[in-house]
Amino acid sequence: MTIMKKTKITPADKIINLDKYIFVELDEQKQEARDKGADLIDLGIGNPDGKTADFIVEAAIASIKDPKNHGYPDFRGKAEFQSTIKEWMEKRYDVKLDSDFIAQAVNGGKEGIAHVSMAFTNPGDLNIVPDPYYPVLTRASWVAGAQVYHIPLLDENDFLPDLDLIPEEIAQKAKIFLVNYPNNPTGAIAPKWFLEKLVKFCTEYKILLVSDLAYGEVCYDGYRPLSIFAIEGAKDVAVEVHTCSKTFNMAGWRVGFVIGKKEFIDAVFALKVNFDYGTSMIMQDAAIAAMKMPYDSVEATMKKYEKRRNYMTKEFENLGWHVHKTDATMYLWLKVPAGRKSKEFCKSVMDKTGVVFTPGVAFGALSDNYFRVSLVQDDKRLEEAIQRLKVANIRYEE
Ligand SMILES: Cc1ncc(COP(=O)(O)O)c(C=O)c1O
């Protein structure tokens with residue numbers, strides 16, 4: 001064996017070759033502006049601005065005081081977490097999950113999506129993800145050494161991927177199809193006919209369908225999203241990822257679950273046991289309290305976003321933007337003025353007004369002509385943001 005002398009310590013190629021995570025760069029830009037004294041109104045982040053309901057906090061305090069929760073948790077999640085999830089799925093999504101279904105507790109949906117992706121992807125595989133996408137839907141595949149085939153989400157298709165345009169060889173090769181409806185960043189929703197078509201597609205081509213339902217409760221005007229398991233045949237091809245972050249204002253708690261048929265969840269479990277010790281029992285108790293609580297506080301949160309959506313939609317329309325009406329999520333997805341690129345546009349808006357948007361390119365190379373507005377500031381700050389845009393004459397122009 002020839003001995004190669006190393007010249008320095010280097011990270012793995014997958015780290016060296018990974019594109020910089022653009023949100024890190026955007027955070028640096030914001031910090032730089034704040035260091036210079038800017039009063040930023042941050043409509044860039046997806047961090048809910050409400051507080052966690054008191055009785056969830058109290059459930060966590062009671063849990064933390066109980067010494068039996070001080071040891072390592074059960075890897076999959078405690079029995080009460082499992083049963084509460086099934087009750088919740090029936091209550092909120094009207095799906096009755098039989099004993100073949102099992103949940104895996106995860107430390108947030110992001111971690112769940114990453115671990116599902118890694119559990120089902122070999123180096124050299126190919127996965128399908130619509131663009132724009134919440135970053136981990138693509139990046140976990142890259143980390144796993146897979147390629148990603150991106151299908152554009154277009155306004156004229158209500159931001160649903162056109163499955164008929166996926167080339168046969170891509171469909172034949174694909175291992176996983178990852179979707180997120182209600183959608184971050186477009187705010188689009190998936191009608192039943194689309195989910196049926198998607199399940200049919202994944203069944204035909206033997207593709208694991210990963211449905212990220214992070215915004216399953218963030219919806220307006222009486223609209224209710226469907227769980228993928230409301231679709232016939234989904235059980236045999238799909239897993240669904242849920243999180244407490246948005247529904248219960250618990251983004252910092254890091255708790256959610258992946259649910260699906262045992263065979264699929266076992267693969268996730270087999271990967272996870274090598275990396276972590278499951279999800280803290282304190283966080284599971286908080287999630288149980290959240291899922292069991294009366295729904296008033298969730299409804300109040302969604303009413304708050306709905307009011308903001310109505311206000312911001314109207315004001316952006318007054319500034320010349322076409323706003324695709326959203327029925328869900330706390331985002332607006334708007335076109336950058338003609339001839340501009342998203343990063344440059346958002347940076348110049350921030351420099352001129354202190355209002356922060358997220359450039360579309362953060363959600364994929366095909367989305368560089370859009371930007372995302374996040375409705376996570378109170379009414380006064382949103383009014384001020386609009387005022388600043390008006391004063392600086394930031395408007396949409398063809
Ligand atoms: C589409 C989507 N999926 C998943 C997540 C993950 O959320 P968490 O890791 O907080 O559960 C987010 C968070 O912003 C999201 O926007």
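All heavy atoms count here, side chains included; hydrogens, waters and symmetry mates do not. Note that ligands are numbered from 1 as they come in the structure, with each ligand's atoms numbered from 1 the same way. Heads up: numbering here begins at 1 and tracks the sequence.
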Of the listed options Y331, Y133, Y181, Y134, closest to atom 4 (C) of ligand 1 (non-hydrogen atoms): Y134
For ligand 1, which atoms have a heavy atom of T243 less than 4.0 angstrom away? 8 (P), 11 (O)
For Y215, counting its heavy atoms only, list the atoms of ligand 1 lying under 4.0 Å from any of them. 1 (C), 2 (C), 14 (O), 15 (C), 16 (O)
Please verify whether a non-hydrogen atom of R254 lies at under 4.0 Å from ligand 1. yes
Per-atom filter on ligand 1: closer than 4.0 angstrom to a heavy atom of N180 are 1 (C)
re atom 14 (O) of ligand 1, the protein heavy-atom contact at minimum distance is K246 NZ, 2.7 Å
When you compare ligand 1 with K110, is there at least one nitrogen or oxygen pair between them that comes in under 3.5 angstrom? yes
Which of the atoms of ligand 1 are close to A214, meaning less than 4.0 Å from one of its heavy atoms? 2 (C), 3 (N), 4 (C)
K78/E80 salt bridge by N-O under 4.0 Å criterion: no
Between T121 and N127, do the side chains contain a donor N or O and an acceptor N or O under 3.5 Å apart? yes
Rounded to the nearest 0.5 Å, how far apart are CD1 of I265 and CZ of R76? 8.5 Å
Evaluate salt bridge (Lys or Arg N to Asp or Glu O under 4.0 Å) for R381 paired with E384, printing each intermediate quantity in order. CA-CA 5 Å; R381 288 297 268 174; E384 187 177 341; 3.3 Å; yes
Strictly under 6.0 Å, is that where the ring centroids of Y370 and H324 end up? no
Is the closest N or O pair between G109 and ligand 1 shorter than 3.5 Å? yes
Could you check whether W321 and F357 have their ring centres less than 6.0 Å apart? no
I64 side, atom CD1; M283 side, atom CE - distance, nearest 0.5 Å: 7.0 Å
With backbone taken as N, CA, C and O and side chain as the heavy atoms from C-beta onward, which portion of E111 lies under 4.0 Å from ligand 1: side chain, backbone, both, or neither? neither
Here the atoms of ligand 1 under 4.0 Å from any heavy atom belonging to N184 are 1 (C), 15 (C), 16 (O)
Less than 4.0 Å between a side-chain N and a carboxylate O, is that true for D66 and K68? yes
Is there any N or O on D212 that sits under 3.5 Å from an N or O of ligand 1? yes
Among A251, S245, G108, P48, which residue places a heavy atom closest to atom 10 (O) of ligand 1? S245
D276 side-chain N/O to G278 backbone N/O, donor-acceptor pair under 3.5 Å: yes
